[in-house]
Amino acid sequence: MLNSYCVATYRCFDEKADFTKKARGIAVGLTVGSWTDLPEAKKAEMQRHLGIVLDVQEHEPASGAPASDRYADIQIAYPDANFSRDIPALLVTVFGKLSMDGRIKLIDLSFSDSFLSAFPGPKFGIQGVRSLLGVQDRPLLMSIFKSVIGHDLSTLREQFYLQARGGVDLIKDDEILFENPLTPIEKRVEICMQAAAQAEQETGQKLLYAVNLTGPTFSLLDQARKAIDAGANALLFNVLAYGFDVLSELSRHPDVKVPIMAHPALAGAFYPSPHHGISANVLLGKLLRLAGADLSLFPSPYGSVVMPREENMAIKEVLLTEKASDYTVSTARLQAAGALVDAAEQRDAAELKLKTSFPVPSAGIHPGLVPLILRDFGDQVVVNAGGGIHGHPMGTIAGGQAFRQAIDACLAGESLRTYAERHPELKAAIEAWGIKE
Ligand SMILES: CSCCC(=O)C(=O)COP(=O)(O)O
């Protein structure tokens, strides 16, 4: 019987393992359990459930490096017949027990067309977010609420207004602001949207406010409805504390009519080790886009909490790509490895049906980093800052303005330093934080 397959790529470290044997062990162990001991008749029956080794690339340690650096990149194809069309089932299949079995990291995932088509992906995507804001021709700017715990609604309103007046396109809640008696979600949305309307009258600029959707899982949809009914036009969600499936269910729900911004809280427990966990491009890229995040936040290579640049570029690539081949594995490749492929289910489509998601490199961002951000990410990026806006020597409004000026300077092809001669807010920001080139 024919089949379709999702493919996991692992980096596996071992000083002396037979990696080909290890790969076969994974392919059989995580699918049918045992193979060589099965009678022939049973093998025929189980064939469509059997994992297949697609590739094993061994890498010996460089000269002078310790033997423990020896590793192999192993690719295994898993039959879709073994799991339901949801992210928990896929993750438990390909990296459930295996994630605890030695020095092994999940470094990539590809999907069959059949699996992919179970996911609508981002409801808005980059184009949808841009249309809501009416901004098509430049990178977006986001500001983060800071010092929100223990403050009341009027303080929050004031903080929101100052951020909005600085010319930011989006404002997000701090991820540590939960449901609380001082600033409950509907009240928070109400006063912040009033401040947004006031600022819009003065600046002519639209704004999205991503309110933090928190609480027990089963009450999240009601919380989202409450926030949206109160006027929320975006949601912030701490995806990894809940799981990808919770995002997936929320984002596809018809009542959730606003973009969802995924916060990376807890991601450091998964991606930074070279030997364990899930790589950043899978965790904060492919899986978030599949689960429906319209925007994905992650640490940048330039600021305070850093992620290596190549990992940032890999996340960007998978959030922005429109090529189906970046998310799928080719039918021919599977067939060459002996897989019994159903070409209609696997399908080699040219274009990915998922909308693109905005990359949001974050943490410790100040105006002097804007040239680097735009060099690496181009126009399809959200420049995001908390301290880099509120900590501006001339205040929060000037903080937003300095960022907008830095973006304008880059788009005009002018250096920040010369642009700053005519823009005091940018000048003050550069004096405070410098420029990184
Ligand atoms: C680690 S990525 C998330 C960034 C974030 O949520 C944040 O609050 C960053 O604030 P900052 O003052 O460093 O811009």
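Counting convention: from 1, in listed order, for ligands and their atoms alike.
- For Gln201, the CD atom counts as loosely surrounded, since its 6.0 Å shell holds 12 or fewer non-hydrogen atoms of other residues, nucleotides or ligands.
- Close approach of ligand 1 to Lys172 (heavy-atom distance below 4.0 Å) involves ligand atoms 6 (O).
- Using a 4.0 Å cutoff on heavy atoms, Lys146 counts as a contact of ligand 1.
- Close contacts between ligand 1 and Pro264 involve ligand atoms 2 (S) [criterion: under 4.0 Å to a heavy atom].
- Among residues two or more places apart in sequence or in another chain, the side-chain contact (heavy atoms from CB on, under 4.5 Å) test is passed with Ile107 by Thr9, Arg11, Asp73, Lys105, Ser279.
- The protein non-hydrogen atom at the shortest distance from atom 6 (O) of ligand 1 is His263 NE2, 2.8 Å.
- The ring pair (Phe, Tyr, Trp, His ring centres under 6.0 Å) test applied to Tyr271 returns no partner, not counting sequence neighbours.
- Remark: the Gln205 side chain and the Arg404 side chain contain an N/O donor-acceptor pair separated by less than 3.5 Å.
- For ligand 1, the atoms closer than 4.0 angstrom to any heavy atom of Glu175 are 6 (O).
- Heavy atoms from other residues, nucleotides or ligands lying under 6.0 Å from CD of Gln127 number more than 12.
- A salt bridge is absent between Arg138 and Asp379: the closest approach of a Lys/Arg side-chain nitrogen to an acidic carboxylate oxygen does not fall below 4.0 angstrom.
- Shortest contact from atom 14 (O) of ligand 1 to any protein heavy atom: Gly386 N, 2.8 Å.
- If you number the atoms of ligand 1 from 1 as listed, the ones under 4.0 Å from a heavy atom of Gly364 come out as 11 (P), 13 (O), 14 (O).
- Dense packing is recorded around NZ of Lys123, with more than 12 heavy atoms of other residues, nucleotides or ligands lying under 6.0 Å away.
- For ligand 1, the polar-atom distance check finds no N/O of Ala385 at less than 3.5 Å from any of the ligand's N/O atoms.
- Ligand 1 lies nowhere less than 4.0 angstrom from a heavy atom belonging to Gly388.
- Closest to atom 9 (C) of ligand 1, if we only count protein heavy atoms, is Ile144 CD1, 3.5 Å.
- Between the Asp173 side chain and the Glu175 main chain, no donor and acceptor come within less than 3.5 Å of each other.
- Taking 4.0 Å as the cut-off between side-chain N and carboxylate O, Glu15 and Arg103 do not count as a salt-bridged pair.
- Between Ser362 and ligand 1, not a single N/O pair is under 3.5 Å apart.
- For Gly387, a nitrogen or oxygen atom sits less than 3.5 Å from a nitrogen or oxygen atom of ligand 1, counting backbone and side chain alike.
- With distances taken over non-hydrogen atoms, the option nearest atom 1 (C) of ligand 1 out of Gly303, Gly268, Ser300, Ala363 is Ala363.
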